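These notes are about the structure you will find just below.
These numbers come from a predicted model, not from an experiment. Order of the sequence lines sets the chain letters (A, B, ...), proteins ahead of strands, with each chain counted from 1. Every heavy atom of this structure was used, including side-chain atoms; hydrogens, water molecules and symmetry mates were not.
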Amino acid sequence: MPSENGAVNEGRAGSRIADIVVPVALDKAYSYAVPAGAALAEGDVVVVPLGPRETVGVVWALREGAGANLKSVLGRVDVPPMGEDLRRLIDWIAWYTLAPLGLAMRLALRIPGEDRAEQVRVGVRLAGEPPERLTAARLRVIAAAEGGLVYTKGDLAERAGVSLAVINGLVDTGTLEAVALPPEPVAGLPDPEHAPAALSPDQERAAAVLRAAVAERSFSVTLVEGVTGSGKTEVYFEAVAEALRQGRQALILMPEIALTAQFLGRFAARFGTAPAEWHSGISSRRRERLHRAVASGEVKVVAGARSALFLPFSDLGLVVVDEEHEQAYKQEEGALYHARDMAIVRARIDKAPVVLASATPSVETRVNAARGRYRHLVLPERFGGRTLPTMRAIDMRKKAPERGRWLSPPLLAAMRETRAAGEQSLLFLNRRGYAPLTLCRSCGHRFQCPNCSAWLVEHRFRRALVCHHCGHVERRPDNCPECGTVDALAACGPGVERLAEEVVEHFPDARVITLSSDFPGGIERLRRELEAIAAGEADIIIGTQLVAKGHNFPQLTLVGVVDADVGLASGDPRASERTFQLLQQVTGRAGRGDRPGRALLQTYQPDHPVMRALLSGDAAAFYAEEEAVREAAGLPPFGRLAAIIVSAPDRGEAEAHARALARSAEAPEGIDVLGPAEAPLALIRGRYRFRLLVRAARDSDLQGYLRAWIARTPKPPQRIRVTVDVDPMSFM
DNA sequence: AGCACGCCGACT
DNA sequence: GTCGGCGTGCTC
C-alpha cells in the first residue's frame with residue numbers, strides 16, 4: 001500500500017473534478033471528485049479507489065464540475081509531481097505507439113512505497129573527555145578524530161585502523177558523540193571548468209556549434225558523426241559544460257552496455273565528478289533518491305539507459321543520445337518505443353537541444369540531416385594521430401581454407417606476423433556456439449527447432465543443441481533420430497567455439513581468449529578476461545558481437561572478420577546497414593597510438609555494397625544506395641511502417657488469428673498489409689508470435705488507420721494477444 | 001494490471 | 001454436495 005503523506009481533507013464531494021490516469025492498461029483518464037478544500041494540482045501523484053482496490057494515479061487535469069456520483073480522491077502522495085512536459089510526452093507516446101495511456105504513464109511513474117524511507121545516517125565526533133581506560137586503539141581513534149570533524153563510524157574506524165567495536169565503545173563512554181549526518185549527496189556537482197580538453201581544430205569547430213545550440217535555449221537536433229576515436233565524446237562534453245554554465249540539466253542517453261566505468265571515468269576527468277547513473281542495475285533506494293534529486297534540480301547531469309528519458313528534470317537544457325544508431329534504444333517489452341525518437345520529442349517539448357552522436361549514423365538520421373531537419377557535423381579525423389586501419393578483402397572463392405577449416409591462408413599469415421611482432425589479433429565471428437547446423441551424412445536429416453524455423457546450433461562445450469531464436473535446448477544425440485545411423489552427424493559451419501579449436505591447432509602456444517555473451521562465468525568472468533586482454537595477457541582474441549562495443553583493446557593491431565557475409569542474407573531490409581555498422585565498429589578496433597592497424601575481411605561477396613563501402617571508406621555512396629532501396633520499397637524514413645504482433649501459447653491459434661486479421665484488414669488506397677509468414681516470428685516465453693506488417697505511403701495517417709482497425713476488430717480471447725509496434729525503424 | 005464473478009471438473 | 005481451476009469483463 002502506498003504511503004499517504006499528505007492526506008486530503010475530509011469533506012463533501014466538492015465542486016472540482018480530477019481526471020486521473022492510473023498505471024493500468026486503460027486508454028483514458030478516469031474522473032474523480034476532489035474533496036472540498038483539498039490542495040491538489042495537475043501532475044500530483046494521488047491515491048484513488050479503483051474497483052475493489054486502491055491504486056496510485058496521476059492528476060492529468062483539474063476542472064470545475066459537480067461530480068456527485070464519482071468516487072473521491074483519497075490522498076496525495078509525497079513524491080515529486082509529474083511535470084507538464086512529462087505529461088505531454090506521455091500523451092504523445094500513447095498516441096504515437098497506440099499504447100494504452102495508463103501503460104505509457106507507468107514508464108514515468110515511480111511507484112512509491114516500494115522503497116524504504118531514507119535511512120538516517122549516523123556520524124560521530126569528538127565530544128567528551130577521554131575514557132578512563134585508554135588503550136592504544138582508543139588513542140588512535142581520538143587522534144584520528146582530532147579537530148571536531150564529523151566522520152562516519154566506518155570511515156573513522158578505517159582511518160584509525162581499528163574495528164567498529166572500538167568506536168562504539170567510545171560512544172558508550174561519552175568520548176565520541178553520535179550525530180545525525182546530512183543525507184549523502186546523490187551525485188557530485190560537475191564543474192564545467194574542471195579540466196577542459198585540448199580540442200583539435202575540427203573538434204573545436206563542432207564544439208562551438210553545440211555550445212551555441214545550448215546557449216540558444218531552444219529545440220534543435222544536431223548529428224555529430226565521427227569515426228571511432230575522433231573524439232565525439234569530448235565534443236559533446238563541451239555541450240554538457242555549456243548547459244552546466246547555464247545552470248541547466250543535461251541528460252546523456254546511452255545503450256546500457258556502453259555505460260561503463262570507463263565512460264564514467266572520462267566524464268569525471270573532464271568535470272571533476274561522475275554523472276548520476278540511471279539504469280536497470282541501480283538499487284531501488286537509489287532510484288527513489290535520484291528521482292527526487294533530478295526533480296529538485298540538485299542533480300545536474302544524468303547518464304542513463306533509455307528509461308532515464310522519463311526522469312522528472314526540472315530544467316532540462318540538453319539531451320545527448322550517444323551511439324544514436326544502436327538497436328538497444330528500442331524498447332521491446334510493454335510499451336514499444338524507440339528512445340532516440342522519444343528523446344527528440346521530449347526535447348521539443350522542453351525546448352532543449354538534442355545531440356545525436358554516432359560513428360555510423362542510422363539511415364533515418366542521415367536522411368533527416370540531408371533534408372535539413374537536423375544540423376550535421378562531421379569529425380573526419382582520428383584524434384591523437386591515430387589513423388583508420390587499412391582494410392583488405394580476402395576473396396574466399398580464390399583463397400579458400402582447407403575443407404572443414406575457416407581461416408584462409410592470407411589471414412593466417414597476417415596473424416603470424418602480428419604474433420611475431422608481439423601484438424594482438426582479434427578474430428570476429430558473429431556466431432555463438434560450435435556449429436550453426438548439424439546434419440546426418442547418411443540421410444541428410446537436419447536438426448531444426450521444433451518451435452521456430454531456425455536450425456539448432458551445436459554447443460559442444462555443453463553437449464547440447466540450442467535454438468538461438470527461442471531458447472529451446474536438447475541433448476546432442478550420438479545417432480541420427482531420423483535413420484538411426486550411428487556417428488553420422490556432421491557439424492556444418494563455424495561458431496566461435498569451433499574457431500577456437502582451429503586457432504589452437506595453428507597457434508598451439510598462443511594465449512587465446514574467446515568472448516561470447518553465453519560464455520560460462522557471467523559478467524564477472526567477462527570483466528576479468530577484458531582486463532587480461534587490456535593488460536596484454538592474450539595474443540589472440542576470438543569474439544562475437546560483444547567485442548564490437550565499449551571495451552578498449554589497446555594492444556590490438558589486426559582484426560580478422562572470419563565471415564563478413566553473416567547477416568547479409570537474413571531478409572531484414574536493414575541487413576546491409578547493420579552489417580556495415582557492425583563491421584565498421586569491429587574493424588575500427590585495430591590500431592594503436594603509434595601505428596595504424598589493419599583489418600582483413602573474409603568474404604564470398606567482395607563486390608557487395610557493404611564490402612565496397614568498407615574497403616573504400618566511402619560510406620556516403622553506400623548510404624545513398626541504401627536510401628534508394630528504401631525509398632523504392634516505401635520503407636522508413638520514406639514511408640511509414642507498423643507491425644501488428646499476434647501471440648498465443650498455441651501456435652495454430654496464433655497463426656489462425658493473424659490470418660483472420662489479415663483478411664479483415666480492408667486497407668484503403670496507400671496502405672498495404674503484408675503477412676503473416678508461414679512460420680512464427682519467434683517463441684518468446686512460451687508464446688508463439690506471428691506478425692503482420694502495415695506499410696503506409698508517405699502522408700497517410702498510419703495511427704488513424706490502425707486505431708480504426710483496432711476499434712472495429714472484435715476482441716480476441718484472452719490467451720491471444722495483439723500488440724502494435726509503430727516504431728518507424730525497428731520492426732524486425 | 002488486479003480483482004471478482006461465474007461456470008465447469010475432482011474430491012473430503 | 002462444494003472447493004477451486006481459469007476464462008471474461010470491469011475499474012471513474
- Would you indicate, yes or no, if C:dC12 has its OP1 or OP2 atom less than 4.0 angstrom from a side-chain nitrogen or oxygen of A:Tyr32? yes

[X] [atom1] to [N] [atom2]: how many Å, rounded?
X        : N      : atom1 : atom2 : value
A:Tyr30  : C:dC10 : OH    : P     : 10 Å
A:Lys28  : C:dC12 : NZ    : P     : 11 Å
A:Ile720 : C:dT8  : CD1   : P     : 10 Å
A:Arg53  : B:dG2  : CZ    : P     : 6 Å
A:Asn69  : C:dT11 : CG    : P     : 13 Å
A:Leu26  : C:dC12 : CG    : C1'   : 10 Å
A:Leu50  : B:dA4  : CG    : P     : 12 Å
A:Lys71  : C:dC10 : NZ    : C1'   : 11 Å

- Query: Between A:Gln249 and A:Val299, what is the shortest heavy-atom contact and its length?
  - Reply: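 Nearest pair, atom of A:Gln249 first, then A:Val299: NE2-O, 2.9 Å.
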
- Item | Non-hydrogen side-chain atoms of A:Pro255 and A:Tyr329 separated by less than 4.5 Å | yes

Please list, for nucleotides 3-6 of chain C, all pairs of protein and nucleotide N/O atoms separated by less than 3.5 Å.
none

- Between A:Ser31 and A:Arg63, is any side-chain donor less than 3.5 angstrom from a side-chain acceptor? yes

- Query: Of the candidate nucleotides B:dA1, C:dC12, B:dA4, which contains the atom at the shortest distance from the side chain of A:Pro52?
  - Reply: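 Closest nucleotide to the A:Pro52 side chain: B:dA4.
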
- Can A:Glu323 and A:Ser358 be said to form a side chain to side chain donor-acceptor pair (under 3.5 Å), step by step? CA-CA 5 Å; A:Glu323 306 295 340; A:Ser358 174; 4.9 Å; no

- Item | A:Arg289/A:Glu298 ion pair, N-O < 4.0 Å | no

- Under the ring-ring contact (aromatic ring centres under 6.0 Å, His included) test, residues paired with A:Tyr337 that sit two or more places apart: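 So A:Tyr337 forms a ring-ring contact (aromatic ring centres under 6.0 Å, His included) with A:Phe310.
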
